[in-house]
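Read through the structure below, which is laid out as structure tokens, and then see the notes.
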Amino acid sequence: IETAFLDTCFKIRGAVKPSTPVVIVAVDDNSVFTYGRWPWSRERMATLVDKLSKAKASVIAFDIVFPPIKDNTGRQSHGDKLFARAAKESGNVIFPIYFRLKPDKEEAEVPIPQSVNSSSFLLFDDIQYMKELNLPKGYTLFPTDEILAAGASGVGHVNTILDKDNSIRFEPLIIEYREQYFPTLSI
């Protein structure tokens, strides 16, 4: 009943217009038809960042994790270098991280990359208070490639939590991982 009531309240309220214009550049069927199947090359993503920067986008946020990809020699690809350069030059790119929110004994512990670590909330008056908030806990980290994220202006998580009826109505603002606190991408 609670979720049905909440849904009804949102329907009655109607859509809320954003205070500033928001443009979503989506990978949809038309994009795939025009540019080829997903995943697109990192070179194409670099071009996308360059074009959005030239169009004066105030923020460029990706909600797709870009894992590390090495070429057949074990080195970073040329595309990654171009994508990282474009993100750094733009100065307003935010990359995502994702956490597994359930323990998995099979997963190896992933070190927290510096680019992710620098986006955690570190300063609180009372760290014990944060523990009392019962925030969602991340057990495994899936970061964007460190080369890419190092050029970003920040990172944020893209986790959502399903309600009892398997609908998504909110995202956790903060996820705790190894006693550090990571904000959602939207913050």
Side-chain angles (χ1 to χ4, degrees), residues 1-11 13 15-16 18 22 24-28 32 38-40 42 45 49 59-70 80 83-84 87 92-187:
I1 284 186
E2 182 180 332
T3 56
F5 178 72
L6 183 61
D7 290 346
T8 302
C9 288
F10 282 123
K11 285 178 186 172
R13 182 200 68 191
V16 175
V22 174
I24 297 175
V25 179
V27 178
D28 58 7
V32 170
W38 186 261
W40 292 339
R42 304 276 171 103
M45 301 311 286
V49 168
V59 175
I60 301 170
F62 288 94
D63 64 355
I64 304 163
V65 174
F66 294 96
I69 298 175
K70 307 287 185 201
D80 281 346
F83 195 10
N92 62 353
V93 174
I94 302 171
F95 282 112
I97 56 176
Y98 179 80
F99 294 100
R100 178 169 287 134
L101 300 179
K102 294 183 178 174
D104 186 349
K105 294 178 181 142
E106 305 276 325
E107 291 288 336
E109 193 167 286
V110 175
I112 302 174
Q114 179 55 37
S115 59
V116 173
N117 204 27
S118 63
S119 290
S120 71
F121 294 146
L122 298 173
L123 303 175
F124 294 102
D125 292 339
D126 183 2
I127 198 72
Q128 210 47 42
Y129 175 71
M130 291 303 290
K131 292 179 181 181
E132 293 170 9
L133 290 177
N134 196 26
L135 297 169
K137 179 179 172 104
Y139 290 92
T140 306
L141 169 65
F142 298 92
T144 286
D145 188 320
E146 177 66 14
I147 298 293
L148 301 178
S153 62
V155 300
H157 77 77
V158 291
N159 290 78
T160 56
I161 296 177
L162 295 175
D163 276 340
K164 293 174 187 172
D165 64 352
N166 289 328
S167 294
I168 297 172
R169 292 185 178 83
F170 73 97
E171 64 182 341
L173 296 178
I174 300 172
I175 291 181
E176 186 268 324
Y177 180 68
R178 293 197 204 157
E179 297 187 356
Q180 293 188 53
Y181 302 91
F182 296 91
T184 180
L185 183 83
S186 62
I187 293 181

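The basis for the numbers below is simple: all heavy atoms, side chains too, and nothing from hydrogens, waters or symmetry mates.
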Query raised in the report: Do Pro68 and Glu146 touch side chain to side chain, with heavy atoms closer than 4.5 Å?
Result: no
Report task. Report the distance from atom NZ of Lys137 to atom CD1 of Ile175, rounding to the nearest 0.5 Å. Result -> 12.0 Å
Query raised in the report: Do the side chains of Asn117 and Ser120 get nearer than 4.5 Å, heavy atoms only?
Result: yes
Requested in this report: Give me the ring orientation class for Phe142 and Tyr98: parallel if the planes are under 30° apart, tilted from 30 to 60°, perpendicular past 60°.
Outcome: tilted
Query - Student check: side-chain heavy atoms of Pro113 and Leu141 closer than 4.5 Å - result: yes
Report task. Heavy atoms only: give me the nearest Asn159-Pro172 pair and the separation to one decimal. Result -> O-CD, 3.6 Å
Report task. Specify whether Phe83 and Phe62 have parallel, tilted or perpendicular ring planes, treating 30° as the upper limit for parallel and 60° as the lower limit for perpendicular. Result -> perpendicular
Query raised in the report: Which heavy atom in Pro143 sits nearest to a heavy atom in Val116, and how many Å separate them?
Result: CB-CG2, 4.1 Å
Query raised in the report: Atom NE2 in His157, atom CD1 in Ile174: separation rounded to 0.5 Å?
Result: 8.0 Å
Query raised in the report: Rounded to the nearest 0.5 Å, what separation is found between the CD1 atom of Ile60 and the CG atom of Asn92?
Result: 4.5 Å
Requested in this report: Anything under 30° is parallel, anything over 60° is perpendicular, the rest tilted; go ahead and classify Phe66 against Phe95.
Outcome: perpendicular
Query raised in the report: Is a side-chain donor or acceptor of Thr160 paired with a backbone partner of Glu171 at a separation under 3.5 angstrom?
Result: no
Query - Straight-line distance of Phe182 CZ to Ile112 CD1, nearest 0.5 Å - result: 4.5 Å
Query raised in the report: Between Gly156 and Ile94, what is the shortest heavy-atom contact and its length?
Result: N-CG2, 4.3 Å
Report task. Check whether any side-chain heavy atom of Met45 lies under 4.5 Å from a side-chain heavy atom of Leu148, and answer yes or no. Result -> no
Requested in this report: Using a 4.5 Å cut-off on heavy atoms from C-beta on, say whether the side chain of Ile64 contacts that of Trp38.
Outcome: yes
Report task. Can you see which heavy atom on Gly138 is nearest to which on Leu101, and at what distance? Result -> CA-CD2, 4.0 Å
**Report entry** Gap separating the CG atom of Asp7 from the CD atom of Glu2, nearest 0.5 angstrom
**Finding:** 10.5 Å
Query raised in the report: Under 3.5 Å, side chain of Ser119 to main-chain N/O of Val155, donor-acceptor pair present?
Result: yes
Requested in this report: Can you measure from CZ (Arg178) to OH (Tyr139) and round to the nearest 0.5 angstrom?
Outcome: 13.5 Å
Report task. Look at atom CG of Leu162 and say whether more than 12 heavy atoms of other residues, nucleotides or ligands are closer to it than 6.0 Å. Result -> yes
Query raised in the report: So, the side chain of Ser153 versus the backbone of Val93: is there a donor-acceptor pair under 3.5 Å, distance only?
Result: yes
Requested in this report: Verify the neighbour count for atom CZ of Phe5: are there more than 12 heavy atoms of other residues, nucleotides or ligands below 6.0 Å?
Outcome: no
Query raised in the report: Between Leu185 and Ala61, what is the shortest heavy-atom contact and its length?
Result: CD2-CB, 4.2 Å
**Report entry** Side-chain heavy atoms of Val27 within contact of Val32, under 4.5 Å
**Finding:** yes
Requested in this report: Taking Asp165 for its side chain and Ser167 for its backbone only, find out whether a donor-acceptor pair lies under 3.5 Å.
Outcome: yes
